[in-house]
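Written out below as structure tokens is the structure these notes cover.
The chains referred to below are lettered A, B, ... by the order of the sequence lines, with proteins before strands, and numbering in each begins at 1. These numbers come from a predicted model, not from an experiment.
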Number of protein chains: 2
Amino acid sequence: MTDVIPQTDPLALDRQVCFALSIASRSVLAIYRPLLQPLGLTHPQYLAMLALWEHERLSVKELGELLQLDPGTMSPLLKRLEAIGYVTRRRDVNDERVLVVSLTQRGRALRAEAEKIPPAIVEALGMGLDELQHLHATLTRVIGAARGAAAR
Amino acid sequence: MTDVIPQTDPLALDRQVCFALSIASRSVLAIYRPLLQPLGLTHPQYLAMLALWEHERLSVKELGELLQLDPGTMSPLLKRLEAIGYVTRRRDVNDERVLVVSLTQRGRALRAEAEKIPPAIVEALGMGLDELQHLHATLTRVIGAARGAAAR
DNA sequence: TCCTAATCGTTGGTGTGCAAACTAAATGTA
DNA sequence: TACATTTAGTTTGCACACCAACGATTAGGA
């Protein structure tokens, strides 16, 4: 009972879940930033690399679906990854509409560096693994609920 | 036990908390968007209005601290709110460095419209209030942990 | 086969977020 | 009082994130 005065205002800033969600997301990204900088990656670029380390080659559309990002967001992002030299972008031979993104040798090699990041984050956050797993589960439920709402 | 094959790869995309956090944040914001559009507000602008409905008048610095946003982000955002006609921006008479942001009549009146939003969100998400409160508490812990890490 | 519709990615516009350089104003100190 | 320092906002540059319009390609149907 930290609040003597009951918070009844549904518009109180510190009661908004969306507000907590934005800040939490930005705060956690801020921890990644210095760790990703040596790799030359931003956080969305890092997520794209994670997807490629898992799948080796993906179309822009598939990557966008995995990361839940617009093609208009993916397109320039992938061009930057290509400019750095971590991926190649080539039209599919069987369907000239689709652009296949593949890892370069340098992109594949980067994985070894990236493996240091998750433990560094956990260490920096100072939260237990069980707690983080629980958070992950909760967030997954929110994502499901939000996507359900969007579909309606 | 949905996973037959144990997920041991710490770089698996769907195990990253940062990934879940980004997507959850964006997914929830997507629910706000159509609700805020009639008010002519983006989500960050909505958060600024929440702060002003609570405090009536705030300096740019104070607003930035409340919303955890850069002055470089606040500055153009507040100009847009002024252009719409919801706030005024005036230099403080006692200290010409600080810019005081205050609500206009229209800005104050908007609150009545905004009151419909939180229940609409809860309804759309279809999650229980207790569940949302629990999420809020968890996010608050993450924010604290992340801010602690940043300070180190 | 020809034509319409659907698919895939790109481009341009707007609005954040963050960092760094900059201006104006106030503060503290010699 | 004069000057260096600090503080508050603005501006610029870059990278998302989303939307709408567009061009190229493919698939489907008359």
Side-chain angles (χ1 to χ4, degrees), chain A residues 18-19 21-34 36-37 40-48 58-65 67-84 87 89-101 146 150, chain B residues 18-19 21-34 36-37 39-49 58-65 67-84 87 89-101 146 150:
Chain A
C18 63
F19 177 56
L21 213 38
S22 309
I23 307 250
S25 181
R26 296 209 319 270
S27 305
V28 171
L29 290 202
I31 300 184
Y32 275 83
R33 209 165 291 124
L36 290 176
Q37 194 158 10
L41 294 177
T42 64
H43 188 262
Q45 289 168 2
Y46 170 67
L47 295 181
L58 289 166
S59 72
V60 173
K61 177 186 167 67
E62 291 167 329
L63 254 171
E65 280 167 358
L67 307 188
Q68 299 290 320
L69 283 172
D70 221 53
T73 302
M74 293 307 305
S75 189
L77 187 153
L78 292 171
K79 284 184 185 174
R80 286 177 206 114
L81 282 182
E82 185 184 40
I84 307 173
V87 307
R89 297 160 63 247
R90 276 195 251 286
R91 289 285 165 185
D92 188 320
V93 190
N94 300 95
D95 188 340
E96 290 279 339
R97 288 173 303 182
V98 336
L99 193 75
V100 179
V101 182
Chain B
C18 62
F19 177 56
L21 213 37
S22 310
I23 305 252
S25 181
R26 296 209 319 271
S27 304
V28 171
L29 290 203
I31 300 184
Y32 276 83
R33 211 166 290 124
L36 290 176
Q37 195 158 9
L39 312 190
L41 293 177
T42 64
H43 188 261
Q45 290 168 1
Y46 169 68
L47 295 181
M49 292 302 290
L58 289 165
S59 71
V60 173
K61 178 186 166 68
E62 291 167 331
L63 254 171
E65 280 166 357
L67 306 188
Q68 299 290 321
L69 282 172
D70 222 53
T73 302
M74 293 308 305
S75 189
L77 186 153
L78 292 171
K79 283 186 184 175
R80 287 179 203 113
L81 282 183
E82 185 185 40
I84 308 175
V87 307
R89 296 160 63 249
R90 276 196 251 285
R91 290 284 164 186
D92 189 318
V93 188
N94 300 93
D95 188 340
E96 289 279 337
R97 287 173 305 182
V98 338
L99 193 74
V100 179
V101 182

query = So what does Asp95(A) touch, heavy atoms closer than 4.0 Å: a base, only the sugar-phosphate, or nothing?
reply = sugar-phosphate
Among dT25(D), dG9(C), dT10(C), the one nearest any side-chain atom of Ser59(A) is dG9(C)
To the nearest angstrom, the CZ-C1' distance between Arg89(B) and dG9(D) comes to 9 Å
Next on the checklist: Using salt bridge (Lys or Arg N to Asp or Glu O under 4.0 Å), reason through Arg91(B) and Glu96(B) one step at a time and then give a plain yes or no.
Outcome noted: CA-CA 6 Å; Arg91(B) 290 284 164 186; Glu96(B) 289 279 337; 5.5 Å; no
Taking for Gln68(B) and for Lys79(A) the nucleotide of DNA chain C with the nearest heavy atom, the one nearer the 5' end belongs to Lys79(A)
TODO: Identify whether any heavy atom of Leu77(A) sits under 4.0 Å from a base atom; if not, whether one sits that close to sugar-phosphate; answer base, sugar-phosphate or nothing.
DONE: sugar-phosphate
Rounded to whole Å, CE of Met74(A) lies from P of dC19(D) at a distance of 16 Å
**Asked** Arg80(B) near the nucleic acid: base, sugar-phosphate alone, or nothing, with a heavy-atom cut-off under 4.0 Å?
**Response** base
With the side chain defined as heavy atoms from C-beta on, Arg33(A) is closest, among dT11(D), dA19(C), dT10(C), to dA19(C)
Query - Crowding at CZ, Arg90(A) (>12 non-hydrogen neighbours, <6.0 Å) - result: no
For Leu77(B) and Pro44(B) the tightest heavy-atom approach is CD1-CB, 3.6 Å
Between Leu99(A) and Arg26(A), the residue closer to the 5' end of DNA chain C by nearest nucleotide is Leu99(A)
From the candidates dA26(C), dT10(D), dA6(C), the one with an atom nearest any side-chain atom of Arg91(B) is dT10(D)
Rounded to whole Å, the CD-P distance (Gln37(A) to dA15(D)) equals 12 Å
For Pro71(A), report the nucleic acid contact type (base, sugar-phosphate, nothing); a contact means any heavy atom under 4.0 Å. base
Here the distance between atom C1' of dG23(D) and atom CD of Glu96(A), to the nearest Å, is 14 Å
- Task: Please work out if Thr42(B) contacts a base, only the sugar-phosphate, or nothing of the nucleic acid, heavy-atom cut-off 4.0 Å.
- Result: sugar-phosphate
- prompt: How are the rings of His43(A) and Tyr32(A) set relative to one another: parallel (under 30°), tilted (30 to 60°) or perpendicular (over 60°)?
  reply: perpendicular
To the nearest angstrom, the CG-P distance between Leu63(A) and dG9(C) comes to 10 Å
inquiry  = Under 4.0 Å from OP1 or OP2 of dT10(D): is there any side-chain N or O of Ser75(B) that close?
reply    = yes
note: Leu36(B), atom CG; dG15(C), atom C1'; distance rounded to Å ~ 14 Å
Judged by nearest nucleotide, the residue sitting upstream toward the 5' end of DNA chain D, Gly72(A) or Gln45(A), is Gln45(A)
When rounded to whole Å, the NE2 to C1' distance for the pair His43(B) and dC18(D) reads 15 Å
*Just by distance, do the side chain of Ser75(A) and the backbone of Pro71(A) share a donor-acceptor pair under 3.5 Å?*
no
Of the candidates dG9(D), dC19(D), dC18(C), the side chain of Asp70(B) sits closest to dC18(C)
Rounded to whole Å, the CG-C1' distance (Leu29(B) to dC19(D)) equals 15 Å
Closest of dG9(C), dG17(C), dG9(D) to the Val60(B) side chain is dG9(D)
To the nearest 0.5 Å, atom CG of Leu99(B) lies from atom CG of Asp92(B) at 9.5 Å
